[in-house]
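Please read all numbers here as calculations on a predicted model, not as lab measurements. In the text below, chain A, chain B and the rest are named by the order of the sequence lines, each starting its count at 1.
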Amino acid sequence: MYHKDPLKDLNPGQVEAVTSKGTHLMVKAGPGTGKTRVLTARILYLINRGVDPHQILAVTFTSKAAQEIRKRLEAAGVKVLPQVGTFHSWAFRIISLKKGISPFVIDEHEQRFLFREAVRESQVETEPRGLFERLLLLKQQTERGFDGDNKDLELLWICYHNLLKKYRLMDYEDLIINATGYLEKDPNPLPKHVLVDEFQDVSPIQFQLVRVLAAKALITAIGDPYQAIYGFRGADPRFIHRFAMEFDPVKSVTLSDAYRCPQKVLDAAASLFDGMTPLRSKEKKEGEILYKSFETSEKEASWIAVQIDKMIGGISFESMNRHSSGDFDEMALSDICILYRTKAQAAALTKALVRHGIPFHTPVNHRKVETNAISMLHHLVGFMVGNVKKYHLARLGIQEESATVLASFLDLVQQGKISVGEFLKTFSEILGLDLSDEELERLKGPVNMLKEGVPPALAFKEEQDSLDFDVEAVSLMTFHGSKGLEFPVVFLTGIEKDILPWKGGDAEEERRLFYVGLTRSAQKVFVTACRKRRLYGKWMMTGPSSFVRSIEPHVSKDVAKPPKRKTPLKKKQKSLF
DNA sequence: CGGATAGGCTTTTTT
DNA sequence: AGCCTATCCG
């Protein structure tokens with residue numbers, strides 16, 4: 001049992017990371033090197049050495065990751081759990097503790113309302129187009145108030161913050177900023193050990209919070225600079241370096257034994273970066289990377305559906321006619337994942353999967369109706385508390401009367417007078433939402449969390465990004481969404497010019513995004529591209545991404561080359577349909 | 001004031 | 001294709 005011996009089955013590098021004492025610690029952990037394992041083992045190690053669990057704080061990137069760690073600790077026999085959560089959930093608790101009252105947290109949608117109100121009030125003359133996005137980004141990057149040079153933006157910044165104050169609301173950044181402020185003044189409930197996961201995705205305001213924590217605590221930072229993919233929302237991978245500079249002395253440990261990807265995949269992944277040494281694979285599986293290109297995005301999608309059908313042993317008509325088996329290992333649907341750069345690309349793929357009768361699932365935030373229902377629920381709760389006003393509701397198509405009625409129903413739920421299911425039925429009827437039973441079922445989660453006192457913004461948000469992996473289905477998601485996950489078979493789709501290094505994106509961040517995608521695979525990778533793609537309602541000419549060229553030496557030869565001469569390859573391609 | 005309609009733009013996403 | 005926004009007309 002881990003609790004007895006957290007070091008059991010760890011490799012030397014991992015042991016070094018887990019047992020490091022007396023200084024801050026930076027653990028550089030590439031894909032599949034046992035990052036989560038080290039994190040939990042280190043917590044266990046600290047507890048075993050007599051550290052009070054309450055003095056330990058583990059910060060994760062998502063609440064799902066926090067749950068996973070809590071689960072592992074419990075499984076290891078830990079009775080008193082340490083504090084485990086995201087920066088935001090911990091900050092929320094600190095603020096609640098310090099103020100004696102929980103703040104109402106608004107999401108981006110509501111932030112936009114307030115911003116519009118600010119625009120109206122401040123009578124800014126220039127076109128506010130894109131200003132909101134700039135404010136959002138600026139707020140994650142600035143540690144103390146406004147520090148831009150745009151006069152209009154400054155005015156809107158002030159106006160926006162006055163409105164937040166007026167309605168007693170906080171946005172997500174406020175949680176971090178305010179908690180930092182409170183702790184600077186009075187570092188009372190500061191823990192002695194802080195572990196921060198996914199350090200490459202830390203934003204400036206979060207780094208500032210880490211600074212404050214470091215005044216009292218030893219910090220363990222775990223991250224991988226090659227997997228930094230959230231620069232677009234303020235994260236800065238240079239903090240990995242800054243950490244070592246500022247928090248001197250820092251012990252640094254690099255984990256280079258990887259347990260997920262086959263060597264071939266790791267070699268291909270490393271070839272994306274100049275001078276990168278590949279991780280050492282401890283996985284004996286051979287591994288394979290296949291590349292195939294198509295005329296259109298629709299053909300790409302159908303081909304993928306056919307491949308999946310073959311892999312799962314074939315239930316459809318086409319595969320019944322197939323005599324040879326053993327082209328592929330038998331796979332379960334849940335072993336397969338399809339990745340794409342933008343959600344807009346999912347349409348062609350899901351269409352093909354439906355046509356082939358292959359079950360699949362996508363994250364909730366890809367589904368319009370449900371996202372909308374969640375947002376309505378959230379607003380309803382805000383309305384009950386008095387934070388959400390009539391015009392906020394109107395914007396979502398909710399009449400004030402409906403909201404009043406529903407609020408009283410929700411009250412009955414809280415008192416246990418009616419069930420969550422009954423409430424949701426009424427809710428969708430009154431608001432005229434066309435929700436399936438399945439969708440209604442999924443909405444129960446956040447309402448139940450609400451009953452248990454989870455802050456609304458967190459309760460509703462959590463549901464939005466959960467993908468239920470117990471379902472036997474192929475997983476579809478964006479490259480971003482795949483971070484931290486692994487699948488035996490991964491399809492990397494649309495690896496095309498202007499799509500994977502996204503046109504206008506940060507080229508290096510796009511490269512890391514492809515790296516993340518590649519390294520999700522525990523066995524087999526399919527890389528696909530097409531010449532013409534239907535996107536946003538019109539055709540665009542694409543062609544293979546430069547990344548395809550980078551990994552080419554590691555791609556299996558038989559299908560590796562994009563068709564050069566039409567005849568022979570066309571024939572081969574046809575036989576697959 | 002509100003409904004209809006034409007025009008413009010479209011990443012990625014956690015909390 | 002679909003959503004948000006601006007504008008125009010009753």
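Partners of Arg112(A) by salt bridge (Lys or Arg N to Asp or Glu O under 4.0 Å), not counting sequence neighbours, listed by chain and number: Glu108(A), Glu133(A). With sequence neighbours left out, Asp224(A) forms a salt bridge (Lys or Arg N to Asp or Glu O under 4.0 Å) with no residue at all. Evaluation of the salt bridge (Lys or Arg N to Asp or Glu O under 4.0 Å) rule for Glu198(A) yields Lys35(A), Lys483(A) as partners, not counting sequence neighbours. Under the salt bridge (Lys or Arg N to Asp or Glu O under 4.0 Å) criterion, Asp498(A) pairs with no residue at all, not counting sequence neighbours. With sequence neighbours excluded, the residues forming a ring pair (Phe, Tyr, Trp, His ring centres under 6.0 Å) with His161(A) are Trp157(A), listed by chain and number.
Here dT12(B) presents its C1' atom at 11 Å from CD of Gln345(A), a figure rounded to the nearest Å.
Of the side-chain N and O atoms in Tyr536(A), none sit less than 4.0 angstrom from OP1 or OP2 of dG8(B).
Counted by atom type alone, Thr528(A) and Glu300(A) present one or more donor-acceptor pairs between their side chains at under 3.5 Å.
Side-chain proximity of Thr62(A) to dT15(B), dT12(B), dT10(B): nearest is dT15(B). Of the listed nucleotides (dT13(B), dT12(B), dT15(B)), dT13(B) has the atom at the smallest distance from the side chain of Arg233(A).
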Strictly under 3.5 Å: I want the nitrogen or oxygen pairs between protein and nucleotides 5-7 of chain B, one per line.
none

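Residue contacts shown for Phe87(A) are absent, as no nucleic acid heavy atom lies under 4.0 Å away.
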